[in-house]
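The sequence lines fix the lettering, A, B, ..., with proteins before strands; numbering per chain opens at 1.
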Protein chains: 2
Amino acid sequence: MGRSTMRDVSRAVGLSMFTVSQALSGAVGVSEESRQRVLKTARELGYIPNRAAQELRRANRDSVAVITASTSNSYYLDLMSGIQQALRPSNWTVVVGDVAVDGAYDERLEDRMVQRLIESRMAGVISTLTLRPENAELLASWDIPVVFVDSSPPENAKNFPSVTTDNYNASLVVGQHLADHGYKDWLLLVYPAKWSTRFDRERGLVEAARRHGAELVVLESENDAVSAHSTLAAYLDRAGRLPHVLIAGNNPLLLGALKLLRERSITIPADIAVVGYDEFAWAPLLDPPLTVLNERSEEIGRRAAQTLAGIIEAQAEAEKQGQSKSPLYRPEYQQQVAAELVIRKSCGCGHAHQPGIPKVTP
Amino acid sequence: MGRSTMRDVSRAVGLSMFTVSQALSGAVGVSEESRQRVLKTARELGYIPNRAAQELRRANRDSVAVITASTSNSYYLDLMSGIQQALRPSNWTVVVGDVAVDGAYDERLEDRMVQRLIESRMAGVISTLTLRPENAELLASWDIPVVFVDSSPPENAKNFPSVTTDNYNASLVVGQHLADHGYKDWLLLVYPAKWSTRFDRERGLVEAARRHGAELVVLESENDAVSAHSTLAAYLDRAGRLPHVLIAGNNPLLLGALKLLRERSITIPADIAVVGYDEFAWAPLLDPPLTVLNERSEEIGRRAAQTLAGIIEAQAEAEKQGQSKSPLYRPEYQQQVAAELVIRKSCGCGHAHQPGIPKVTP
DNA sequence: CAAGGCTTCATAATCGTTTAGGTAAGTAAC
DNA sequence: GTTACTTACCTAAACGATTATGAAGCCTTG
């Protein structure tokens, strides 16, 4: 039991390794009788192929990597679920590589991770963060296709595929809703630009504020709850008054902000309205139920995986025909998924007393 | 740039492949001058080793796998973080394999996953669920060490290492607290026995109920929020009255239960007290703040990884000395981590009107 | 019945590393 | 000056699969 090679099977069954290989891989050119004998012997011997040997010899790989910087964000679970769903039928292995240490993104870890992925000659990469230009280039020079999710390609690789929320329009929707409430004084608590979704989220909100004649303050914090808490605390102390509404750039920041508001007994939405950017399971159960954007991460994951699979397939096809094996990126690979605003209570809806200028509840 | 082999480096630098290999791997027996020349050439050529070739040739592998059945549980993130933390220094690759499809555990997927792990000749496995006996045996026959986290080893592998919460005592603590509140009518909403933590959680609660003269009903649901919701709804309809307290076996079930209570406008803790089994970031912000057990998943992950690393190391040592390479499992590898009860409001603490027999708030 | 086409299987090269088993030169010991 | 030991390097055999090339046997077919 265990630890037998194809040679062992070959000897035991009295057929050449060629025949055994063909039989096991389900190829044609082997008689049904031989195939059955091979399969039986292999089972009896407990033969399990050595993947390293297969990969070394074979041209095409069958693993794709997902690069994350776990901001302990649970949207990541949905994303993975979508990716797995799309890739399961094709029977590919998905490995996830985290480039965060203690919850914080680490540049050297990203370098090491990319190095590793190339060492393993991955078939493709899905990245949840904008890679460093060097790394994008490196992957490109090894003809490994990359799809960005919820992040934009780096400067030197603008044509790389990406699947993101339509953050700009999402922000416009948020802004519209805030304006409907009559809020004029907005505070956006946001993560650093390293996470490139920030750009469109902020841009949309700036535009919305302009359109509706509202004042928008952008407050940057590190991308975790603890930083969000202290950054916001410092800001509120400095400002000496509450804005009408707080918009949290993502869930870790939302968490930090809500903790602070609770500590200071600031009630939502009476004293300040709150809107978040990521839907999550507990949102309807919080106090008050939170109004958030639904990013549909699962859909994003699914699309990203499908896009990647398509590229890899095309790549294999091209190589078979002797053409360049570098991945072909079509413009339509850059997709945006519309988000919807899930309106609950924290924005002030269904609440009589609202922060700022009181107005009719929409 | 890209795609050069060690042979290319060897030719370019004018040294044998042996020397190049030695130089790159940092082994002794190469002059400093040669090493520098090799390194420089390798860098210029953009040489990146082929891991498949390395793994094929090398005796020892350097990847460990984590098997999960994503119950979309966010405790999983903490667990991974702990594992990564413990394994990062040793520079090992961690791959996670999910054996759930659409959030539900799938037996055939488990089989396929184990097959895959053996194909890749993994150095070790950390499993968050009790594996099927066949699979445990299979891994054992390939001398691949397995550590179970938050789950017990299967029947045929009782001696396998495991790191779990001390669920029995945790349940006693919960029971004690409920008794302090004067609750006599307990309802435990719990997942199927496939997740083996159920056994001790239930056993502890049964014992606590006996000690304190309370009535305990155990209600089993599938391991997801939707099932929990419908199972609980059906039960409440049948029972026609509310228990004094609802204990949710884990977070997905808690989520489903809370949704139902909210739908039916049952208020916590006035109408029914609620206690959960997994601490999570949003717990203090819910309405009301939830009383839950803190499992300390990160600590569990860390310990599991350390245990696994120790076993693999010992295994390598034993093999070097010509002894059996099958992993050695010491009894003390079975560890339990104490959980603490984080008391907030949902249990009735700090609330005047309590469900059931009113008593002094402890 | 010769020629050609299938079907079924075998031989052996190949993938890109690591490493056991050398060798040649230089140094130290006696 | 021989012997013994180091140091720095090389040659070539693995590792365990896939697959290009081809051969033997049998079946058609004109």
Could you tell me the separation between the [atom1] atom of [X] and the [atom2] atom of [N], rounded to a whole number of Å?
X	N	atom1	atom2	answer
A/E32	C/dC9	CD	P	11 Å
B/L24	C/dG16	CG	P	16 Å
A/Q22	D/dA20	CD	C1'	11 Å
A/R35	C/dC9	CZ	P	10 Å
B/R121	D/dG16	CZ	P	8 Å
A/R7	D/dA17	CZ	P	9 Å
B/R3	C/dC15	CZ	P	14 Å
B/L56	D/dA13	CG	P	17 Å

Taking the side chain of [X] as heavy atoms from C-beta outward, which of [options] is closest to it?
X	options	answer
B/F18	D/dA17, C/dC9, C/dA20	C/dA20
A/M17	D/dC9, C/dA10, D/dT18	D/dT18
B/Q54	D/dT11, C/dT17, D/dA17	C/dT17
A/A53	D/dC9, C/dT17, D/dG16	D/dG16
A/M6	D/dC10, D/dC15, D/dT18	D/dT18
A/L15	C/dA10, C/dG16, C/dT19	C/dA10

Taking atom types as modelled, find out whether [X] and [Y] have a side-chain donor-acceptor pair closer than 3.5 angstrom.
X	Y	result
A/E119	A/Q115	no
A/N91	A/D62	no
A/S162	A/Q335	no

So, under a plain 3.5 Å distance rule, would you say the side chain of A/R57 forms a donor-acceptor pair with the base of C/dT14?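 Answer yes: a donor N or O sits under 3.5 Å from an acceptor.
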Would you please confirm or rule out a distance under 4.0 Å between OP1 or OP2 of [N] and any side-chain N or O of [X]?
X	N	answer
B/S21	C/dT19	no
A/T19	C/dC9	no
A/R58	D/dT18	yes
A/S25	D/dT18	no

Charged N-O contact under 4.0 Å between A/R37 and A/E44: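 Answer for the salt bridge query: no.
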Heavy atoms under 4.0 Å, any strand shown: does A/S34 hit a base, just sugar-phosphate, or nothing?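 Sugar-phosphate, backbone atoms only, no base.
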Should the pair B/W195 and B/Y105 be assigned to parallel (<30°), tilted (30 to 60°) or perpendicular (>60°) ring geometry?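 It falls in the perpendicular class, over 60°.
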